[in-house]
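So you know, we letter chains A, B, ... as the sequences are listed, proteins then strands, and number each from 1.
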Amino acid sequence: MLKIHNTLTQSKQEFVPIEPGKIRMYVCGITIYDYCHIGHARTFVSFDIITRYLRYSGYDLTYVRNITDIDDKIIARASKNGENFKQLTKRYTQIMHEDFAALGMAAPDIEPKATDSIAEIIETIQSLIDKGFAYQGTSGDVYYNVPKFEDYGKLSKQNLEALQAGERVDVATDKQNSMDFVLWKMAKPGEPEWDSPWGGGRPGWHIECSAMSKKCIGEHFDIHGGGSDLQFPHHENEIAQSEAANGCVFANTWIHTGMVQVDKLKMSKSLDNFFTIREVLKKYRAETIRYFMLSSHYRSQLSYGEDNLDAANAALERLYLSLRDIDLKGMDLKGMDLKGMDLKGMDLAGMDLADLPKVDDSNQYVAKFKQAMDDDFNTPEAVAVLFEIAKAINRSKNNDLENARYLAVILIELGSVLGIVQQSPNDFLTASAGDELANIELIERLIVERKQAREDKNWARADEIRDQFNQMGIVLEDKDGKTNWRSC
RNA sequence: GGCUGGAUGGCAGAGUGGCCAUGCUGCGGACUGCAACUCCGUCUACGCCGGUUCGAUUCCGACUCCAGCCUCCA
């Protein structure tokens, strides 16, 4: 039974989809005008894992993640660069897609853009005006009348009086209430604009998501997600807009991810303490970054630091090390009790996941894994199960190879739900984080030479060669007369 | 100031009313020519003060500290 922590109720609840077997999920994507950083990665890796697990659990999921491609910051950056805002957003969207793919994220089913949804946005605003929830100010800007929506604050547990009391001094505006927010903003000369019943302008940020979610998955859907910093005001405003315009409940379950911190402070553009995905990828493998993210729960804050990335890398290596030397290719697996699975001829290393038979939960590890993930996507506990399997594989390697192979299949299959341990162990272990290609020929020649030295009991020469390897950033592992190597 | 969440062993990080998290690191042992890998063992962990209980890190209350939101923000 899947339980999900719902921000609306501040508790873990049994998840019941609106339509049996189907889930519609909308996640707020990013405002695109720059490189994505590790904070963004954390949120979207979290939802990638949620997506994988929901599908693994048998749900037919529609995953929508939008792109905000019109916004004050975009206009400002484009103007600073002296380029059209569309060139800017197109360029960085491309980069975002590359970075996200590098981190092993599957693309969302639908990726709507605000600028492709202007008609729906205008329609939603008009509906709010018609129902008395919105008005046009003297400046021409259209605002949402916040006090008009009785449930305002139900997501973020705020109340209007307290919000207004704690408010910073605002510049004079034509808003009727200080909490009112803009739905349609009139264009200044030279700014991009779209025609509307209220004049040429652009949509406000919050209304975009209300319009795009409705356009893609309807007025009432199962899950709405995003970073916890969007809880207020963005998601609160979305609820106010959508529920007022549509007259029905908006999203049943709200999922919010914890922020990434740097030296105890939130990683963000404004604090200028961010690390882009690109720069971190220069030093760490993508899978290491991904592992680092799922080593803590998605709702907790995650402390970014090289020590933690190094530990994540060592942990991931341990997982791959357990799989090394286990090759199902060409092995006779007839005698294996694989619960009806036919693994003959399958190459564990880099096999196509679609071909991987499903392991059922009669296996204790699978059952444990699902139990962890069913409990609000508890990835740290799920990862712990992976390590239990790795240990069992290592124990079985020497005396029960068939069991080791069986466990390896389970490890890889469960790893696929988290998006880790999907490479050939050898590829992973011998790849260096940077892009310097190891000189395979030299390595192999030296290994042969060292082997001879060891046979001649020329320990001095053998150790000399090993030291040479260490200087190249390579560790040697002698096993049953064979020598493996890996990067470190 | 208001709202929300958190405080676990050297570090990271789950969890539970009484018993094992897990990973990294350290230490001892096995394996090894020596290492590495691996295995076995191991390091007085639950912010502070009260309360409930046969028993609390886990439940309740107070306190201290930290973070997030209240301004664009994943």
Novice: Check whether A:K451 reaches the backbone of A:L446 with its side chain - one donor and one acceptor, N or O, closer than 3.5 Å.
Specialist: no
Novice: Looking at B:A74, does its base get a donor-acceptor pair with the side chain of A:R42 below 3.5 Å?
Specialist: no
Novice: With a non-hydrogen cut-off below 4.0 angstrom, is A:S300 in contact with a base, only sugar-phosphate, or nothing?
Specialist: sugar-phosphate
Novice: Determine the sole option in A:Y26, A:F221, A:F149 for which the ring-ring contact (aromatic ring centres under 6.0 Å, His included) test with A:F250 is passed.
Specialist: A:F221
Novice: Would the number of heavy atoms belonging to other residues, nucleotides or ligands and lying under 6.0 Å from NZ of A:K86 be above 12?
Specialist: no
Novice: Atom OH of A:Y152 and atom P of B:C70: how far apart are they, to the nearest Å?
Specialist: 11 Å
Novice: Expressed in whole Å, how much space separates the P atoms belonging to B:U16 and B:C59?
Specialist: 9 Å
Novice: Taking the P atom in each of B:A14 and B:G28, what is the distance between them to the nearest angstrom?
Specialist: 31 Å
Novice: Do A:D375 side-chain atoms and A:N378 backbone N/O form a donor-acceptor pair below 3.5 Å?
Specialist: no
Novice: Ignoring hydrogens and geometry, is there a side-chain-to-backbone donor-acceptor pair from A:D151 to A:K154 under 3.5 Å?
Specialist: no
Novice: When the nearest nucleotide of RNA chain B is assigned to A:S295 and to A:A384 on a heavy-atom basis, which residue is associated with the more 5' position?
Specialist: A:S295
Novice: Between P on B:A36 and CG on A:L446, what's the gap in Å once rounded to a whole number?
Specialist: 21 Å
Novice: Under 4.0 Å, heavy atoms only, any strand: does A:E388 hit a base, just the sugar-phosphate, or nothing?
Specialist: nothing
Novice: Using a 4.0 Å heavy-atom cut-off across all strands, classify A:N308 as base, sugar-phosphate, or nothing.
Specialist: sugar-phosphate
Novice: Of A:H224, A:H256, A:H235, A:R299, which is the lone residue that meets side-chain hydrogen bond (donor to acceptor under 3.5 Å, both in side chains) with A:T7?
Specialist: A:H256
Novice: Could you work out the separation of B:G41 and B:G5 based on their P atoms and round it to a whole Å?
Specialist: 40 Å
Novice: Collect all protein-nucleotide pairs involving nucleotides 58-61 of chain B in which both atoms are nitrogen or oxygen and the distance is under 3.5 Å.
Specialist:
none

Novice: For B:C69 and A:K266 - does any side-chain N or O of the residue sit under 4.0 Å from the phosphate oxygens OP1/OP2?
Specialist: yes
Novice: Only pairs at least two apart or in different chains count here, so list each salt bridge (charged side-chain N to carboxylate O under 4.0 Å, His left out) that has a residue in residues 259-271 of chain A.
Specialist: A:D229-A:K266
Novice: Report the distance from atom CD of A:E208 to atom P of B:C72, rounded to the nearest whole Å.
Specialist: 14 Å
Novice: Taking N and O atoms by type only, does the side chain of A:R299 place a donor or acceptor under 3.5 Å from a partner on the base of B:G5?
Specialist: no
Novice: Can you tell me which nucleotide in B:G13, B:A67, B:C70 comes closest to the side chain of A:K264?
Specialist: B:A67
Novice: Of all the nucleotides listed (B:C11, B:G68, B:C70), which has the minimum atom distance to the side chain of A:P233?
Specialist: B:C70
Novice: Could you list, one pair per line, each protein nitrogen or oxygen that sits under 3.5 Å from a nitrogen or oxygen of nucleotides 37-40 of chain B, together with the distance?
Specialist:
residue, atom, partner, partner atom, Å
B:U38, O3', A:N394, ND2, 3.2
B:C39, OP1, A:N394, ND2, 3.3
B:C39, OP2, A:R318, NH1, 3.4
B:C40, OP1, A:R395, NE, 2.8
B:C40, OP1, A:R395, NH2, 2.3
B:C40, OP2, A:K391, NZ, 3.4

Novice: Work out how far the C1' atom of B:G61 is from that of B:U53, and round it to whole angstrom.
Specialist: 16 Å
Novice: I'd like the P distance from B:G6 over to B:G23, given in whole Å.
Specialist: 26 Å
Novice: State the pairing partner of B:C31; accept Watson-Crick or G-U wobble contacts with both distances under 3.5 Å, and report none otherwise.
Specialist: none
Novice: Determine the Euclidean distance between corresponding P atoms of B:A21 and B:C40; express it in Å to zero decimal places.
Specialist: 15 Å
Novice: Measure from the side chain of A:R454, starting at C-beta and using heavy atoms only, and say which of B:A67, B:A14, B:G33 lies closest.
Specialist: B:G33
Novice: Have a look at A:V385 and say if it touches a base, only the backbone sugar-phosphate, or nothing, with a 4.0 Å heavy-atom cut-off.
Specialist: nothing
Novice: At their closest point, which heavy atom of A:N273 faces which heavy atom of A:M267, and how far apart are they?
Specialist: OD1-CA, 3.3 Å
Novice: Whole angstrom is fine here: how far is it from CG in A:D71 over to C1' in B:U71?
Specialist: 14 Å
Novice: What is the distance, to the nearest angstrom, from the CG atom on A:L163 to the P atom on B:C70?
Specialist: 10 Å
Novice: Return the minimal non-hydrogen interatomic distance between A:T51 and A:M25, and the atom names on each side.
Specialist: OG1-CE, 3.6 Å
Novice: Remember a base hit wins even if backbone is also touched, and classify A:L316 as base, sugar-phosphate or nothing at under 4.0 Å, heavy atoms.
Specialist: nothing
Novice: Given that A:A462 and A:E381 both sit by RNA chain B, which one's nearest nucleotide is further toward the 5' end?
Specialist: A:E381
Novice: Within the side chain of A:E381, is there an N or O that forms a donor-acceptor pair under 3.5 Å with the backbone of A:A372?
Specialist: no
Novice: Would you mind classifying the nucleic acid contact of A:G39 as base, sugar-phosphate or nothing, using non-hydrogen atoms under 4.0 angstrom?
Specialist: base
Novice: Distance check: side-chain N/O of A:T379 vs OP1/OP2 of B:U22, anything under 4.0 Å?
Specialist: no
Novice: What interatomic distance, in whole Å, is found between P of B:G1 and the corresponding atom of B:C72?
Specialist: 23 Å
Novice: Which of the following nucleotides, B:C69, B:A12, B:A74, is nearest to the side chain of A:T31?
Specialist: B:A74
Novice: Both conditions, 6.0 Å and 45 degrees, for the charged tip of A:R65 above the ring of A:F44: are they met here?
Specialist: yes
Novice: Would you mind classifying the nucleic acid contact of A:G305 as base, sugar-phosphate or nothing, using non-hydrogen atoms under 4.0 angstrom?
Specialist: nothing
Novice: In whole Å, measure the gap between the P atoms of B:G50 and B:A56 for me.
Specialist: 13 Å
Novice: Looking at every heavy atom in both A:L103 and A:R290, which two are closest together, and how far apart are they?
Specialist: O-NH1, 2.9 Å
Novice: Report yes or no: is the ring centroid of A:W459 under 5.5 Å from the six-membered base ring centroid of B:G33, with the two planes under 30 degrees?
Specialist: yes
Novice: Searching all strands shown, indicate the nucleotide that pairs with B:U42 (Watson-Crick or G-U wobble; both distances under 3.5 Å).
Specialist: B:G26
Novice: Any donor and acceptor pair, going by atom type alone, linking the side chain of A:T276 with main-chain N or O of A:E279 inside 3.5 Å?
Specialist: yes
Novice: Is there a Watson-Crick or G-U wobble partner for B:C69 with both distances under 3.5 Å, and if so, which one is it?
Specialist: B:G2
Novice: Please work out if A:S322 contacts a base, only the sugar-phosphate, or nothing of the nucleic acid, heavy-atom cut-off 4.0 Å.
Specialist: nothing
Novice: What is the distance, to the nearest angstrom, from the OH atom on A:Y298 to the P atom on B:G13?
Specialist: 17 Å
Novice: Going by purine N1 to pyrimidine N3 plus the second Watson-Crick contact, or the G-U wobble pair, all under 3.5 Å, which nucleotide sits opposite B:A21?
Specialist: none
Novice: Quick check on B:C24: is either OP1 or OP2 less than 4.0 Å from any side-chain nitrogen or oxygen of A:N313?
Specialist: no
Novice: Specify the separation, in whole Å, of atom CD of A:Q231 and atom P of B:A74.
Specialist: 15 Å
Novice: Hey, does the side-chain of A:D463 have a donor or acceptor N/O within less than 3.5 Å of a partner on the base of B:G33?
Specialist: yes
Novice: A:F181 vs A:Y144 aromatic rings, parallel, tilted or perpendicular, using cut-offs 30° and 60°?
Specialist: parallel
Novice: Which nucleotide sits closest to the side chain of A:R450: B:G68, B:G33, B:G23?
Specialist: B:G33
Novice: When you measure from the side-chain N and O atoms of A:Q10 to the phosphate of B:G5, is any distance below 4.0 Å, counting only OP1 and OP2?
Specialist: yes
Novice: Taking atom C1' of B:G33 as reference, at what distance in whole Å does atom CZ of A:R461 sit?
Specialist: 17 Å
